[in-house]
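Below: the structure, in structure tokens.
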2 protein chains.
Amino acid sequence: MAVTIAEVARRAGVSKSTVSRYLNGLYDHMGVDTKERIAQVIAELDYRPNALARSLKQKRTHTVGAIVANILNPFSTSIIRGIEDTLNEAGFNLILCNADDDPAKERDYVNMLVDKQIDGLIINTTGCNNELIAQVNQTIPIVLIDRKASDITIDTVTVDSAKGVRQAIDHLVALGHAGIAMLTLPYDHVSPRLERVQAYQAALAVHNLAFREEWLVQTSMEDEVILSKLHALLDGEVTADKPTSIFCANNMITMSVVKAIKQMGVTIPKEIAVLGFDDWEWAQLIDPPVTVVAQPVYDMGNKAADLLIKRIKGGRSSKKPITILFEPQLLKRKSCGE
Amino acid sequence: MAVTIAEVARRAGVSKSTVSRYLNGLYDHMGVDTKERIAQVIAELDYRPNALARSLKQKRTHTVGAIVANILNPFSTSIIRGIEDTLNEAGFNLILCNADDDPAKERDYVNMLVDKQIDGLIINTTGCNNELIAQVNQTIPIVLIDRKASDITIDTVTVDSAKGVRQAIDHLVALGHAGIAMLTLPYDHVSPRLERVQAYQAALAVHNLAFREEWLVQTSMEDEVILSKLHALLDGEVTADKPTSIFCANNMITMSVVKAIKQMGVTIPKEIAVLGFDDWEWAQLIDPPVTVVAQPVYDMGNKAADLLIKRIKGGRSSKKPITILFEPQLLKRKSCGE
DNA sequence: CTGAAAGCGCTAACAG
DNA sequence: CTGTTAGCGCTTTCAG
């Protein structure tokens with residue numbers, strides 16, 4: 001049996017209330033001797049208050065939950081570091097969950113976290129649990145990160161995808177690429193994916209390049225799938241009918257595309273240029289170093305946590321939901337030619 | 001105010017006990033009508049039991065904590081995925097924490113998790129909180145992953161570092177390398193680091209290669225530091241006095257070393273070979289693809305969770321602590337020459 | 001088959 | 001300056 005506050009009180013010869021006050025730093029008007037006695041007993045018994053009991057009473061857990069889409073993605077882990085640091089500084093604990101881009105898992109995690117009475121929630125959402133999220137947000141502050149939720153208004157921290165894509169396409173065009181294909185994961189419910197596809201089309205139009213349906217390819221993450229999609233794209237007979245560059249909608253795609261292209265024995269950038277959205281630490285070690293549109297992920301994590309803490313402290317009656325847009329930045333490396 | 005079990009009971013016209021039984025699936029001897037009425041009220045009110053209250057009473061949270069050393073390391077995230085999957089399957093929740101290789105953070109997380117009454121704990125420890133860990137382990141099952149804790153016996157899941165290093169050195173020697181340097185992070189408290197250093201020395205001996213103090217270099221992760229250490233190692237005048245290969249003790253070091261070497265304008269593997277401990281998804285995309293000793297990280301996560309669950313269910317009186325050793329595997333790529 | 005009552009470990013009025 | 005009391009929301013004997 002773990003030692004409880006009652007035991008501490010008994011040994012110190014005081015009441016539970018007094019010990020409780022001590023624990024909560026309310027020793028303004030506490031007898032110095034009492035204080036010392038309690039401190040000593042606590043040290044002796046190595047007493048630690050039960051956080052469950054405390055939270056049950058206080059109705060605050062000082063804990064926030066964060067659900068990321070895919071923890072294997074460096075994008076997620078950088079965001080996590082940002083969230084974590086800000087939270088720690090403010091004295092909040094973090095419960096981290098990995099939805100694995102699975103709506104069912106996401107739903108379960110949201111529920112689990114709510115059940116555990118978290119004070120707030122940060123989600124990189126699959127986009128398939130909007131009703132649930134909206135409902136939870138009535139009671140518990142939620143901040144969405146990276147991905148917006150359509151049809152519901154919740155605090156959101158994300159990046160200006162349109163601007164990033166525009167920089168990417170401009171760069172490719174400037175380097176003489178007229179055939180620009182795009183590879184993306186299914187963009188049904190994931191806002192940045194959709195935005196990037198739309199921005200891609202818009203940017204092509206700006207440069208008077210025709211949008212080719214077959215050059216906007218939707219893929220899954222399986223290596224074989226990506227490989228076959230690339231074969232379809234690049235194995236045409238007529239040179240004029242092949243794209244000379246590929247824009248990848250996120251870093252996981254970029255990595256897989258580079259891997260597949262190498263496997264095909266095609267040279268980057270000579271035969272095909274590659275440009276990706278999202279930077280990651282090892283992008284520059286790749287052969288050739290990959291040109292990317294970088295997002296300030298760590299800062300985004302910071303900001304999301306910041307916003308959430310304000311909501312938690314401000315009470316439910318705060319202000320209207322806001323959206324914070326970060327600026328993307330094109331990092332020119334070697335994968336798009338000169 | 002969130003809806004409570006009392007409210008559900010009131011509306012369903014039954015007692016709290018009955019609702020509680022329903023919630024816990026104890027409807028063996030429950031009136032079908034009662035059951036349905038409760039189900040309906042719960043659905044109507046969208047009632048969710050307060051996990052804090054429940055756990056406070058039950059003294060079980062169905063939650064385990066995991067503390068990793070560095071969440072930015074793909075090694076950690078793969079382990080996490082392994083832990084997660086096994087835990088989910090068994091109906092346990094996971095609270096994930098990132099100690100950032102900081103003993104103080106680790107200590108705080110351990111305490112936080114204990115306070116939250118977790119049922120078990122998995123730690124990739126800094127090695128600097130052994131007393132605390134041993135103490136907690138008296139009450140709550142702990143499984144160490146990757147890194148052992150010296151002087152205390154706790155369930156541990158790790159890899160046979162010695163064997164891995166041996167494979168690495170054998171490979172380098174087979175390719176004609178007689179000058180083999182090693183780069184490692186400080187190995188004071190981190191068991192695999194120490195083991196790898198020792199195995200490195202042992203393997204050199206086996207091949208009758210002299211151990212050179214100045215070729216075993218301890219570094220921090222800062223780019224500049226690594227760069228300067230490499231300069232010191234490789235800028236010697238006399239060719240005979242420079243190592244022809246570098247063995248990196250883990251993946252973070254490997255990445256940084258590759259980055260630094262490229263920055264120096266030195267060619268891998270022609271001028272210097274590189275071999276790393278730990279594989280990661282993009283190692284093969286690097287120029288040149290890096291030869292590594294891979295660990296079955298996902299499986300290790302699985303196993304650690306598995307072991308922990310058994311301990312949790314088996315009660316504290318289980319058997320003696322055990323150590324599970326996984327087999328490393330050399331993945332030959334291009335960074336060590338032919 | 002169901003209810004009453006006690007209590008998990010803590011906090012928070014309210015007294016004194 | 002400190003103690004008494006009454007819960008937080010749930011589970012769990014023990015009756016009936």
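Nucleotide dT11(D) holds its P atom 12 Å from the CG atom of Leu52(B), rounded to whole Å. For Glu7(A) and dC10(C), the CD to C1' distance is 15 Å, given to the nearest whole Å. In this structure, Leu23(B) places its CG atom 15 Å from P of dG9(D), rounding to the nearest Å. The distance between atom CZ of Arg10(B) and atom P of dT2(C), rounded to the nearest whole Å, is 19 Å. Spacing between atom CG of Leu56(B) and atom P of dC10(D) amounts to 12 Å, rounded to whole angstrom units. Protein atom CG of Leu26(B) is 13 Å distant from nucleotide atom C1' of dT2(C), rounded to whole Å. Rounded to an integer number of Å, the gap from Gln117(B) CD to dC10(D) P is 18 Å. The NZ-C1' distance, from Lys116(A) to dC10(D), rounds to 14 Å in whole Å.
A donor-acceptor contact under 3.5 angstrom links the side-chain atoms of Lys57(A) to the base of dG7(D). Between the side chain of Ser17(B) and the base of dT12(D), at least one donor-acceptor pair of N or O atoms lies under 3.5 Å. A donor-acceptor contact under 3.5 Å is not formed by the side chain of Arg48(A) with the base of dG9(C).
Contact annotation: Asn50(B) does not reach the phosphate of dC8(D) (side-chain N/O to OP1 or OP2, under 4.0 Å). Within the structure, a side-chain polar atom (N or O) of Ser15(A) is placed less than 4.0 Å from OP1 or OP2 of dG3(D). For dA12(C), the OP1/OP2 oxygens have no side-chain nitrogen or oxygen of Lys16(A) closer than 4.0 Å.
At a threshold of 4.0 angstrom between heavy atoms, the contacts of Thr34(A) are confined to the sugar-phosphate backbone, with no base atom among them. Residue Tyr47(A) is in sugar-phosphate contact alone, with no base atom involved, counting any heavy-atom pair closer than 4.0 Å across all strands shown.
Listed for the Asp119(A) side chain is no donor-acceptor partner under 3.5 Å among the backbone atoms of Val64(A).
With dT11(C), dG3(D), dT11(D) as the choices, the nucleotide that has an atom nearest any side-chain atom of Gln58(A) turns out to be dT11(C). The nucleotide whose nearest atom lies closest to any side-chain atom of Thr4(B) is, among dT11(D), dT11(C), dG9(D), dG9(D). Here dC10(C) is the nucleotide among dC14(C), dT12(D), dC10(C) with the atom lying nearest to any side-chain atom of Ala53(A).
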### Task
Take Asn302(A) and Thr86(A) through the test side-chain hydrogen bond (donor to acceptor under 3.5 Å, both in side chains) and record every step on the way to the result.
CA-CA 6 Å; Asn302(A) 276 167; Thr86(A) 300; 2.8 Å; yes
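A salt bridge does not link Arg193(A) to Asp188(A): none of the charged side-chain nitrogens sits closer than 4.0 Å to a carboxylate oxygen. Salt-bridge annotation for Lys303(A) and Asp299(A): absent, with no side-chain N of the basic residue lying under 4.0 Å from a carboxylate O of the acidic one.
Here the side chains of Asp146(A) and Phe75(A) are in contact, with some heavy-atom distance below 4.5 Å.
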